[in-house]
S.K.: 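Could you have a look at this structure, given as structure tokens, before my questions?
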2 protein chains.
Amino acid sequence: MANMKEIAKLAGVSLGTVSHVLNGSATVREPLRKRVMDAVASAGYQPSQLARGLRRDKTNMIGMIIPDVTNPFFPAVVRGAEDVAFEHGYRLVLCNTDNDHAKEIVHMNELRTYLPSGLIVIPSSFSDLTAQAESFRRSGAAVVCVDRLPLNWNGDTVTADNEKGAYDATNYILRQGHKQLAMITGPRHLTNSTNRLKGFKRALAEKKIHLGPEYIQEANFDQHGGYAKTLLLLRMIPRPTVIFAGNDMIAFGALLAFREMGLHCPDDISLFGFDNLDLAEMTSPPLSSVSQPGYQMGTTAAQILMDRVRGDDGPPKHVVLDTAIKIRDSVGKPVTGDNVHTSRTPARAARVSRTGRKR
Amino acid sequence: MANMKEIAKLAGVSLGTVSHVLNGSATVREPLRKRVMDAVASAGYQPSQLARGLRRDKTNMIGMIIPDVTNPFFPAVVRGAEDVAFEHGYRLVLCNTDNDHAKEIVHMNELRTYLPSGLIVIPSSFSDLTAQAESFRRSGAAVVCVDRLPLNWNGDTVTADNEKGAYDATNYILRQGHKQLAMITGPRHLTNSTNRLKGFKRALAEKKIHLGPEYIQEANFDQHGGYAKTLLLLRMIPRPTVIFAGNDMIAFGALLAFREMGLHCPDDISLFGFDNLDLAEMTSPPLSSVSQPGYQMGTTAAQILMDRVRGDDGPPKHVVLDTAIKIRDSVGKPVTGDNVHTSRTPARAARVSRTGRKR
DNA sequence: CAGCATAGTTGAAAGCTTTCAATCCGGGCT
DNA sequence: AGCCCGGATTGAAAGCTTTCAACTATGCTG
């Protein structure tokens with residue numbers, strides 16, 4: 001509403017002085033300073049971020065591009081980023097891409113015209129983002145990639161140690177005696193997916209366990225994907241005794257499929273997730289899962305951005321956060337043979353539907 | 001990068017003409033128009049939203065203020081809003097308040113200086129927002145309140161029919177034969193909380209069931225709140241046979257408490273939630289819950305905003321979206337007496353911890 | 001064919017801030 | 001007392017767009 005000119009008049013000083021008081025860009029003697037501050041307070045003045053940004057070639061916004069807020073892993077990252085950004089006086093502009101590269105480009109191009117101080121992106125795919133990122137950098141904005149990496153990325157990154165997490169989980173599964181494993185990966189064009197798969201395979205290779213390619217299925221990182229691929233896996237012969245899900249949402253879908261097929265987890269079939277969402281604890285049975293620090297990924301990314309904004313122009317940073325396996329009740333001993341679930345009291349979950357189309 | 005001046009030079013026209021072509025603010029003859037478009041394309045020019053906003057007194061941003069992205073109900077609302085906004089060319093600036101009124105004010109004040117076209121708020125409390133909203137309106141931005149309402153609010157609103165949802169759920173519970181109910185409400189300064197409580201009480205009153213005030217507990221809308229208050233309720237004599245949770249997060253916390261006390265749901269105690277989060281289906285047991293359309297709340301709010309931006313200045317709209325009870329397995333018949341859970345096979349969940357400090 | 005209306009095009013101002021060069025003032029030094 | 005210096009303050013330009021009034025050219029009318 002009020003603008004600087006009015007404040008200047010109100011305080012009986014020049015425009016420049018008001019600006020200097022507000023930004024501390026020059027020392028202003030106390031009496032004047034006070035008059036300005038009083039005028040600002042009495043008018044409830046707040047500087048126009050638009051004009052300020054235009055003049056400074058930079059705003060206090062930070063663009064954040066994520067696949068989908070609706071997937072519970074991402075809000076944690078967003079929240080982490082927002083908390084650090086807010087504390088430093090920066091605000092977040094949020095964009096969802098649905099893992100659609102085209103949408104990602106649209107968002108990036110438009111965001112740039114707001115001259116944000118930085119950009120945090122969880123890439124939608126391994127498509128090369130170098131060009132867009134370069135144009136951000138040229139306009140003075142730092143860019144950091146989180147969770148997944150695009151092709152040829154040469155900037156800052158914050159990721160979880162996906163391969164190690166998957167490797168540990170797989171080893172745990174193997175120690176329980178499972179021989180017939182299966183994995184439902186996330187989309188193969190995402191580096192977090194492929195790294196998890198890599199860890200899985202490495203553990204298998206070390207134990208000299210061979211797996212037919214049909215036991216490795218690819219799905220979207222959501223419940224429906226997990227559900228569909230699980231149904232598919234359950235029809236295979238021999239049936240896998242455990243499924244390693246590329247993330248918890250996939251695992252949740254798998255649980256649904258188990259239930260529908262009248263299978264009890266972990267007695268009839270085991271399951272391991274990835275992400276360790278808050279809700280993994282709540283499922284039936286509580287889901288064992290690889291925990292990765294979503295919130296911390298957000299804070300770390302934002303922190304790097306803050307450093308860059310403040311002038312750090314060192315070489316690219318690559319922070320890899322640790323993962324840990326969280327053991328709950330969803331992995332049991334393997335059952336051999338088929339249809340074994342009939343040999344024990346009907347699984348509680350079976351109540352829901354027992355239309356077992358088994359073969 | 002490139003600015004309009006360069007485009008003008010490149011196309012051999014004036015600044016004004018470029019602007020007219022870009023905005024369709026005046027008819028420009030085809031050959032010129034084409035030259036301009038070509039120049040724009042070849043330079044990869046995109047207008048500065050900052051300068052544009054400054055000049056137009058309005059940007060294509062929409063502020064969205066929510067309590068916490070990390071609570072799975074809100075992302076649905078955010079996503080709904082973003083989808084509609086994006087489609088109309090608007091972008092979302094996201095702010096979390098943690099239900100802290102002070103933070104809310106800070107966000108609103110700053111957001112205004114970006115001259116957003118609108119503001120979608122899920123208020124942090126019933127604190128009066130009229131003043132802030134008024135100043136938004138004066139600067140030409142529409143404001144709509146979602147999910148909860150602040151005091152004296154006279155603007156657009158989108159809410160769910162909380163009272164009806166709670167009323168229906170309570171009636172369902174009563175029909176199952178429960179007489180000894182308890183409710184864990186959300187914070188009493190949130191209208192959605194109080195309306196849910198109202199529905200609960202109305203159903204009780206109609207059936208002439210009286211409840212001591214200690215059976216109505218207040219908690220934050222999160223897992224921890226639900227957990228703590230459930231432990232408290234479980235120690236009461238007579239012990240409630242069912243708990244109606246103010247939202248699903250509280251219900252999840254209750255499940256945790258049940259587990260810890262070695263109680264099996266629904267055999268030993270029943271539970272009803274509110275929100276019907278995706279994950280309500282996944283818990284042990286699957287949670288009965290009042291479903292409210294979060295995504296649709298977001299789209300509706302954004303749609304109203306779009307209408308306002310386009311000039312609709314009719315009287316305040318008050319959209320109340322319907323709720324529906326979703327019955328799953330968490331409500332059973334009431335058990336009378338105490339310690340009844342010892343009479344059946346130990347609940348599966350009891351495995352986790354059986355440190356029952358019962359009395 | 002002159003004159004006028006109209007459609008198309010242009011240049012400049014305005015929107016609000018930051019910043020730089022210029023000005024002002026007072027004090028210290030000789 | 002005069003000069004100079006440095007610190008405090010000011011005024012104006014610049015950043016990029018939109019928009020309005022003014023201007024040009026075009027087409028039509030009489």
Side-chain angles (χ1 to χ4, degrees), chain A residues 1-37 39-40 43-61 89 110 112-117 138-141, chain B residues 1-37 39-40 43-61 89 110 112-117 138-141:
Chain A
M1 348 245 71
N3 59 16
M4 258 181 53
K5 204 150 124 196
E6 297 179 35
I7 301 298
K9 195 184 301 176
L10 212 58
V13 300
S14 80
L15 223 59
T17 305
V18 177
S19 177
H20 286 136
V21 170
L22 256 37
N23 300 300
S25 42
T27 53
V28 173
R29 247 174 313 184
E30 187 50 28
L32 274 204
R33 213 190 71 81
K34 177 146 174 24
R35 256 157 57 204
V36 170
M37 293 307 274
V40 165
Y45 168 76
Q46 291 202 277
S48 157
Q49 296 287 345
L50 248 33
R52 174 176 280 186
L54 182 59
R55 186 58 238 245
R56 284 189 182 162
D57 263 356
K58 180 165 306 223
T59 66
N60 68 344
M61 288 186 262
E110 178 171 346
R112 192 160 35 86
T113 69
Y114 276 111
L115 303 181
S117 288
R138 255 199 312 274
S139 74
Chain B
M1 357 235 66
N3 58 17
M4 258 182 52
K5 203 149 125 197
E6 296 179 36
I7 300 298
K9 196 184 299 175
L10 211 59
V13 299
S14 79
L15 223 58
T17 305
V18 177
S19 176
H20 288 309
V21 169
L22 256 37
N23 299 299
S25 42
T27 53
V28 172
R29 246 173 314 182
E30 187 49 29
L32 274 204
R33 212 190 70 83
K34 177 147 176 20
R35 255 156 58 201
V36 170
M37 293 308 275
V40 165
Y45 168 76
Q46 291 202 278
S48 156
Q49 296 287 346
L50 248 34
R52 174 175 280 186
L54 182 59
R55 187 57 236 244
R56 284 190 183 160
D57 263 356
K58 180 164 304 221
T59 65
N60 68 344
M61 288 186 261
E110 176 170 347
R112 191 160 35 87
T113 70
Y114 275 111
L115 303 182
S117 289
R138 256 199 311 276
S139 75

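Bear in mind the structure is a predicted one, so any value in this text is a computation, not a measurement. Below, chain A is the first sequence line, B the second, and so on; all start at residue 1. Only heavy atoms go into these numbers, but all of them, side chains included; no hydrogens, no water, no symmetry mates.
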S.K.: Excluding sequence neighbours, so at least two apart, what forms side-chain hydrogen bond (donor to acceptor under 3.5 Å, both in side chains) with A:Ser14?
M.R.: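 Once residues adjacent in sequence are excluded, the partners of A:Ser14 under the side-chain hydrogen bond (donor to acceptor under 3.5 Å, both in side chains) criterion are A:Thr17.
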
S.K.: Which heavy atom of B:Ser139 sits nearest to which heavy atom of B:Arg112, and what is that distance?
M.R.: OG-CG, 4.1 Å

S.K.: For the helix from C:dC1-D:dG30 to C:dT30-D:dA1, figure out the bend between the end axes, five pairs an end, and round to 10 degrees.
M.R.: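 Its terminal axes enclose an angle near 60°.
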
S.K.: For residues 14-23 of chain B, which residue pairs pass the salt bridge (charged side-chain N to carboxylate O under 4.0 Å, His left out) check, not counting sequence neighbours?
M.R.: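 Sorted pair list comes back empty.
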
S.K.: Is any side-chain N or O of B:Tyr45 closer than 4.0 Å to OP1 or OP2 of D:dC16?
M.R.: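 False: B:Tyr45 side-chain N/O out of range (4.0 Å or more) of D:dC16 OP1/OP2.
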
S.K.: Could you work out, with side-chain hydrogen bond (donor to acceptor under 3.5 Å, both in side chains) as the rule, every residue matching A:His20, not counting sequence neighbours?
M.R.: none

S.K.: Tell me the interatomic distance from A:Leu22, atom CG, to C:dC16, atom P, rounded to whole angstroms.
M.R.: 15 Å

S.K.: Can you name the side-chain hydrogen bond (donor to acceptor under 3.5 Å, both in side chains) partners of A:Ser25, sequence neighbours left out?
M.R.: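 Applying side-chain hydrogen bond (donor to acceptor under 3.5 Å, both in side chains) to A:Ser25 gives none.
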
S.K.: Between A:Lys58 (NZ) and D:dG15 (C1'), how many Å, whole number?
M.R.: 15 Å

S.K.: Among all residues two or more places apart in sequence or in another chain, which pass the salt bridge (Lys or Arg N to Asp or Glu O under 4.0 Å) test with A:Lys9?
M.R.: none

S.K.: About how many Å separate OH of A:Tyr45 and CG of A:Leu10, when rounded to the nearest 0.5 Å?
M.R.: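 Answer for the CG-OH pair, A:Leu10 versus A:Tyr45, is 12.5 Å.
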
S.K.: Between B:Lys5 (NZ) and D:dT17 (C1'), how many Å, whole number?
M.R.: 12 Å

S.K.: Can you sort out the partners of A:Leu15 under side-chain contact (heavy atoms from CB on, under 4.5 Å), two or more places apart, ordered by chain and number?
M.R.: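 Here the qualifying residues are A:Met4, A:Lys5, A:Ala8.
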
S.K.: Can you sort out which residues in residues 47-57 of chain B have a heavy atom within less than 4.0 Å of DNA chain D? Ascending by number, please.
M.R.: B:Pro47, B:Ser48, B:Ala51, B:Arg52, B:Arg55, B:Arg56

S.K.: Mind checking what makes side-chain hydrogen bond (donor to acceptor under 3.5 Å, both in side chains) contact with B:Arg52, not counting sequence neighbours?
M.R.: B:Asn23

S.K.: If a pair satisfies salt bridge (charged side-chain N to carboxylate O under 4.0 Å, His left out) and one of its residues is in residues 12-32 of chain B, list it, with sequence neighbours excluded.
M.R.: B:Glu30-B:Arg33

S.K.: Taking only side-chain N and O atoms of B:Asn23, does any of them lie within less than 4.0 angstrom of OP1 or OP2 on D:dT18?
M.R.: yes

S.K.: Quick one, give me the B/S/- string for nucleotides 7-12 of chain C, reading 5' to 3', where B means a protein heavy atom under 4.0 Å from the base and S means that only happens at the primed atoms, P, OP1 or OP2.
M.R.: -SSBS-

S.K.: Sequence neighbours excluded, which residues qualify as side-chain contact (heavy atoms from CB on, under 4.5 Å) partners of B:Ala51?
M.R.: A:Leu54, B:Ser48

S.K.: Would you kindly give the CZ-to-C1' distance between A:Arg33 and D:dG7, to the nearest whole Å?
M.R.: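 Rounding to the nearest Å, CZ of A:Arg33 and C1' of D:dG7 are 17 Å apart.
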
S.K.: Taking atom P of C:dC16 as reference, at what distance in whole Å does atom NZ of A:Lys9 sit?
M.R.: 13 Å

S.K.: Please report, rounded to the nearest Å, how far the P atom of C:dT17 is from the CG atom of A:Leu115.
M.R.: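 For the pair A:Leu115 CG and C:dT17 P, the rounded distance is 17 Å.
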
